[in-house]
Amino acid sequence: MKYLDEYRDAELVKNVLIKIRQTAKRHWTIMEICGGQTHAIMRYGIDQLLPDEIELVHGPGCPVCVTPLELIDKALAIAARPEVIFCSYGDMLRVPGSGRDLFSVKAGGGDVRVVYTPLDAVELAKNNPDKEVVFFAIGFETTAPANVMSVLQARQLGLSNYSILVSHVRVPPAMHAILSSPVNRVQGFLLAGHVCAVMGYHEYPELSDEFKVPMSVTGFEPLDIVEGILRTVQLLEAGRVEVINAYSRAVTFEGNQPAQKTIARVFEECDRKWRGIGTIPMSGWKLRSEFEAFDAEKKFDVGSIQSEESPLCMAGMILQGLARPQDCPAFGEACTPEHPLGATMVSSEGACAAYYRYGRLEAAPAEGT
Ligand code: SF4
């Protein structure tokens, strides 16, 4: 398949790996920010092919993993209401809330449906005027354009029975929080290619400069990922603080400006809680007051629900690159994809699920051993 097979060519990947070996002279800790990249790294064994000098840690880029527990509890409360058709992407259905998940609500008679786009949910609202249709609008910058379009379309159609439960997060403030931590270990970043396809990468040079950390915009195929790692290692070894684009077939500096304008028309920035990490200032989006009629949290009065994280789950440490899944005592024992204790084991993009699925079950050796 054009634009895919050539980026999975084993010989080309090997050549780049040789260059990484030749370039890396010191130990470097590099974070891939996106859960899709984490999954690809595990799937293709890229972490095992890198020289010992390069340590990959996995960032908070899995939207399901960082959706706060209380938002899931709010979703469960709304979905259980008899007048509601609750729509979500499939991977949210098994994410545990404090007591149960959306599958359990469905098994108990709730009308919970999997959709492939929020526009399907708008169509449901149009065809079911006696029902309230709610879409669970989670994700990063990547999913925001479709979610805001659904609100604009619902308004254009005059639908008063459509709303979205918003849990949108933004990548740059999360990176700022990671880099600001006194225990931060990250020295270079692979930027999420699909987020940059929407937003461009003009937001990152300031961040890179402030913390003296180089960054490479990186794609998702094996060749994209090793190329992003190589470019980052070259910058690190040369002591250069820059943001470069190693995914130029999909990303420009400015990004998709019509999409950015549409997002800004419907959403405004707000503080947002990240599961396992806590509140990060101005790290999310919420509906502007002009669109509050489409805000499910206000419509169903679930704003007061508060939830506590399980003390057993250390996903927050993993999402900040401070621990690996094998460091968690529950990993592969009390916590498996069949019986997940935390969201990073449920989501297909979660680091714990990726390590479990691709057999990284042994404890990682301590650095320097
Ligand atoms: S293995 Fe399970 S309990 Fe441990 S951090 Fe991962 S999701 Fe949480």
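As the structure lists them, so they are numbered: ligands from 1, and atoms in each ligand from 1.
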Requested in this report: State the atoms of ligand 1, each with its element, that fall below the 4.0 Å cut-off from a heavy-atom position in Met314.
Outcome: 5 (S), 8 (Fe)
Report summary line: the protein heavy atom lying closest to atom 7 (S) of ligand 1 turns out to be Thr344 OG1, 3.2 Å
Requested in this report: Give a yes/no on ligand 1: does Ala315 have at least one heavy atom closer than 4.0 angstrom to it?
Outcome: yes
Report task. First locate atom CD1 of Ile229, then atom OG1 of Thr23, and finally report the distance between them rounded to the nearest 0.5 Å. Result -> 12.0 Å
Query raised in the report: If you count the non-hydrogen atoms of other residues, nucleotides and ligands that lie under 6.0 Å from NE2 in His202, is the total more than 12?
Result: yes
Query raised in the report: Atoms of ligand 1 less than 4.0 Å from Met345 heavy atoms?
Result: 7 (S)
Query raised in the report: Which atoms of ligand 1 sit under 4.0 Å from any heavy atom of Gly342?
Result: 7 (S)
Query raised in the report: Got a sec: is Cys328 within less than 2.8 Å of atom 4 (Fe) of ligand 1 via an N/O/S atom?
Result: yes
Query raised in the report: Is the backbone N or O of Ile85 less than 3.5 Å from a side-chain atom of Glu132, with the two atoms forming a donor-acceptor pair by type?
Result: no
Requested in this report: Please could you name the atoms of ligand 1 that Cys352 approaches to less than 4.0 Å, counting only its heavy atoms?
Outcome: 1 (S), 5 (S), 6 (Fe), 7 (S)
Query - For Cys313, atoms of ligand 1 separated by under 4.0 Å from a heavy atom - result: 3 (S), 5 (S), 7 (S), 8 (Fe)
Query raised in the report: Are Phe267 and Arg288 close enough that some pair of their side-chain heavy atoms sits under 4.5 Å apart?
Result: no
Query - Nearest-neighbour protein heavy atom for atom 2 (Fe) of ligand 1, which is reported as residue plus atom name and distance - result: Cys335 SG, 2.3 Å
Query - Pair Lys74 + Glu297, salt bridge at N-O below 4.0 Å - result: yes
Report summary line: So the atoms of ligand 1 within less than 4.0 Å of a heavy atom of Ile318 turn out to be 5 (S)
Query raised in the report: Would you say Glu206 has more than 12 foreign heavy atoms packed within less than 6.0 Å of its CD?
Result: no
Report task. Output yes when Lys131 and Glu83 qualify as a salt bridge under the 4.0 Å nitrogen-oxygen rule, no when they do not. Result -> no
